[in-house]
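Per chain, numbering begins at 1; letters A, B, ... match sequence-line order.
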Amino acid sequence: MNILPREFYQKDTVIVAKKLLGKKLVRKIGNQEISGIITETEAYRHNDDPASHAFRKITDRNKVMFGDVGISYVYFTYGMHYCFNVVAKKSKVPAGAVLIRSIKPDKGIKKIQGNRNLKDLKNLTNGPAKLTQALRITKEHYGMDLTKKSEIYITEGNKIKKIIESPRIGIKNGKEFLWNFKVMD
DNA sequence: TCCGGGATTGACT
DNA sequence: GTCAATCCCGGAC
């Protein structure tokens with residue numbers, strides 16, 4: 001499968017969030033590959049989006065959101081969880097990223113079950129902090145180039161039938177934007 | 001400096 | 001349905 005090129009991410013964050021559905025997230029640990037098909041995403045933009053980490057200004061945490069597209073943005077939250085994003089925005093916009101909320105296990109399911117200490121396929125990777133645990137993604141993967149074949153990258157994948165648009169999960173402000181995207185089962 | 005709360009999860013009632 | 005876990009960030013002071 002071909003890795004998605006830099007240009008893929010150089011579009012409006014909302015467009016990229018939709019286009020990432022069905023693509024394949026690959027994690028290489030040593031010489032073993034584990035992967036999942038992206039099934040849910042959310043778009044977080046710049047100063048037009050009060051729910052975005054990049055709403056106010058550039059900081060130490062959010063600085064990659066203001067940099068090159070196709071780069072990973074991993075942040076730590078609730079004292080115990082990591083969430084995984086990809087920087088995406090059109091060239092005129094200063095910041096933006098797509099949160100990967102859910103994947104369907106693809107390759108290395110046994111390894112994923114081990115990482116999660118759980119067997120149940122349904123609950124293995126169906127949440128933003130579940131999939132980072134499943135793929136062993138941590139703050140060490142902050143700022144990685146996802147367009148290169150290294151520890152983490154994203155490739156082409158399946159065609160999507162239909163996209164369901166909803167308000168984003170777990171936010172206070174910006175609920176009016178339908179920027180949560182899911183594939184229909 | 002300090003302190004409130006978070007793009008969540010899983011265990012328990 | 002309710003709630004604790006747990007630590008880092010960022011805005012306020």
Side-chain angles (χ1 to χ4, degrees), chain A residues 9 12-21 23 25 27 34 36-67 69-89 93-105 109 111-144 146 152 154 163-183:
Chain A
Y9 303 98
D12 185 281
T13 310
V14 172
I15 306 284
V16 178
K18 291 191 205 180
K19 291 182 54 140
L20 274 172
L21 294 174
K23 301 295 186 287
L25 176 61
R27 171 82 167 99
I34 54 185
I37 303 295
I38 297 172
T39 54
E40 184 179 356
T41 61
E42 280 177 5
Y44 287 89
R45 300 212 303 198
H46 180 229
N47 58 10
D48 62 339
D49 178 8
S52 173
H53 288 169
F55 178 57
R56 292 174 191 278
K57 59 174 186 181
I58 188 167
T59 67
D60 231 25
R61 178 173 67 158
N62 69 20
K63 60 188 175 193
V64 288
M65 287 182 74
F66 291 79
V69 297
I71 302 292
S72 63
Y73 169 44
V74 180
Y75 67 89
F76 184 71
T77 193
Y78 292 109
M80 49 173 62
H81 297 302
Y82 293 102
C83 293
F84 176 76
N85 301 247
V86 192
V87 179
K89 69 216 182 192
V93 175
V98 176
L99 171 69
I100 311 298
R101 284 195 62 88
S102 181
I103 62 177
K104 187 158 67 69
I109 294 183
K111 195 82 185 168
I112 289 174
Q113 289 169 323
N115 291 341
R116 291 270 297 126
N117 196 23
L118 190 77
K119 288 269 162 65
D120 181 13
L121 288 176
K122 281 266 175 260
N123 289 305
L124 231 38
T125 53
N126 62 338
K130 294 183 186 179
L131 73 90
T132 56
Q133 189 188 6
L135 300 186
R136 289 214 229 145
I137 295 172
T138 70
K139 62 181 179 213
E140 290 172 31
H141 304 101
Y142 181 94
M144 290 196 54
L146 303 173
I152 310 172
I154 302 176
I163 296 175
I164 302 169
E165 306 185 350
S166 329
R168 289 168 295 176
I169 310 292
I171 56 168
K172 270 215 186 71
N173 306 309
K175 291 199 180 85
E176 66 274 27
F177 301 121
L178 301 181
W179 287 349
N180 172 290
F181 306 106
K182 289 192 285 286
V183 302

Would you say a side-chain N or O of Arg116(A) is under 4.0 Å from OP1 or OP2 of dG10(B)?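 For dG10(B), OP1/OP2 do have a side-chain N/O of Arg116(A) under 4.0 Å.
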Is Lys172(A) close enough to dA7(B) that one of its side-chain N or O atoms is under 4.0 Å from OP1 or OP2 there?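 No, no such contact exists.
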Please report the distance, rounded to the nearest Å, between [atom1] in [X] and [atom2] in [N].
X         : N      : atom1 : atom2 : answer
Glu40(A)  : dA7(B) : CD    : P     : 15 Å
His53(A)  : dA7(B) : NE2   : P     : 4 Å
Arg56(A)  : dG5(B) : CZ    : P     : 14 Å
Ile171(A) : dG5(B) : CD1   : P     : 17 Å
Met80(A)  : dA5(C) : CE    : C1'   : 4 Å
His81(A)  : dA5(C) : NE2   : C1'   : 8 Å
Asn180(A) : dT8(B) : CG    : P     : 11 Å
Tyr78(A)  : dC3(C) : OH    : P     : 16 Å

Pairwise C1' distance for dG5(B) and dC3(C), with rounding to whole Å: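 Going atom to atom, C1' in each nucleotide, I get 16 Å.
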Nearest-Å distance once atom C1' is located in both dG1(C) and dA7(B):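 Per the computed distance, 22 Å lies between those C1' atoms.
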Would you mind classifying the nucleic acid contact of [X] as base, sugar-phosphate or nothing, using non-hydrogen atoms under 4.0 angstrom?
X         : answer
Asn123(A) : nothing
Leu99(A)  : base
Arg61(A)  : sugar-phosphate
Ala129(A) : sugar-phosphate

Closest-nucleotide ordering on DNA chain B, the 5'-leading residue of Leu131(A) and Thr77(A):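 Closest to the 5' end, via its nearest nucleotide, is Thr77(A).
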Where the side chain of [X] is defined as all heavy atoms beyond and including C-beta, which of [options] is the nearest nucleotide?
X         : options                 : answer
Lys57(A)  : dG11(C), dA7(B), dT8(B) : dG11(C)
Lys130(A) : dA7(B), dT8(B), dT9(B)  : dT9(B)
Thr59(A)  : dT9(B), dG10(C), dA7(B) : dG10(C)
Phe76(A)  : dC7(C), dA7(B), dA5(C)  : dC7(C)

Gln133(A) and Asn115(A) side chains, donor-acceptor separation under 3.5 Å: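 Not at all, the side chains of Asn115(A) and Gln133(A) share no donor-acceptor pair under 3.5 Å.
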Strictly by modelled atom types, are Lys122(A) and Asn126(A) linked by a side-chain donor-acceptor pair under 3.5 Å?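 No pair is found: no donor N or O on one side chain lies under 3.5 Å from an acceptor on the other.
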If every non-hydrogen atom of Gly70(A) is compared with every non-hydrogen atom of Tyr9(A), which pair is closest and at what distance?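 Of all heavy-atom pairs spanning Gly70(A) and Tyr9(A), the closest is CA-CD1, 3.6 Å.
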May I ask you to check whether Tyr44(A) and His53(A) place their ring centres under 6.0 Å from each other?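 No; Tyr44(A) has its ring centre 6.0 Å or more from that of His53(A).
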Centroid-centroid under 6.0 Å between Phe84(A) and Tyr82(A) rings: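 When the ring centroids of Phe84(A) and Tyr82(A) are compared, they turn out to be at least 6.0 Å apart.
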Thinking salt bridges, do Glu42(A) and Arg168(A) make one under a 4.0 Å N-O criterion?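 Here Glu42(A) does not pair with Arg168(A) in a salt bridge, since their nearest N and O are not under 4.0 Å apart.
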Decide, applying a 5.5 Å centre-distance limit and a 30° plane-angle limit (both strict), whether Tyr75(A) stacks on dA7(B).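 No, Tyr75(A) does not stack on the base of dA7(B), since the centre distance and plane angle fail the 5.5 Å and 30° test.
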Nearest nucleotide by nearest heavy atom, which residue falls closer to the 5' end of DNA chain C, Gly79(A) or Tyr73(A)?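 Nearest nucleotide further toward 5': that of Gly79(A).
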Please name the nucleotide paired to dT2(C) by Watson-Crick or G-U wobble geometry with both distances under 3.5 Å, or report none.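 WC or wobble partner is dA11(B).
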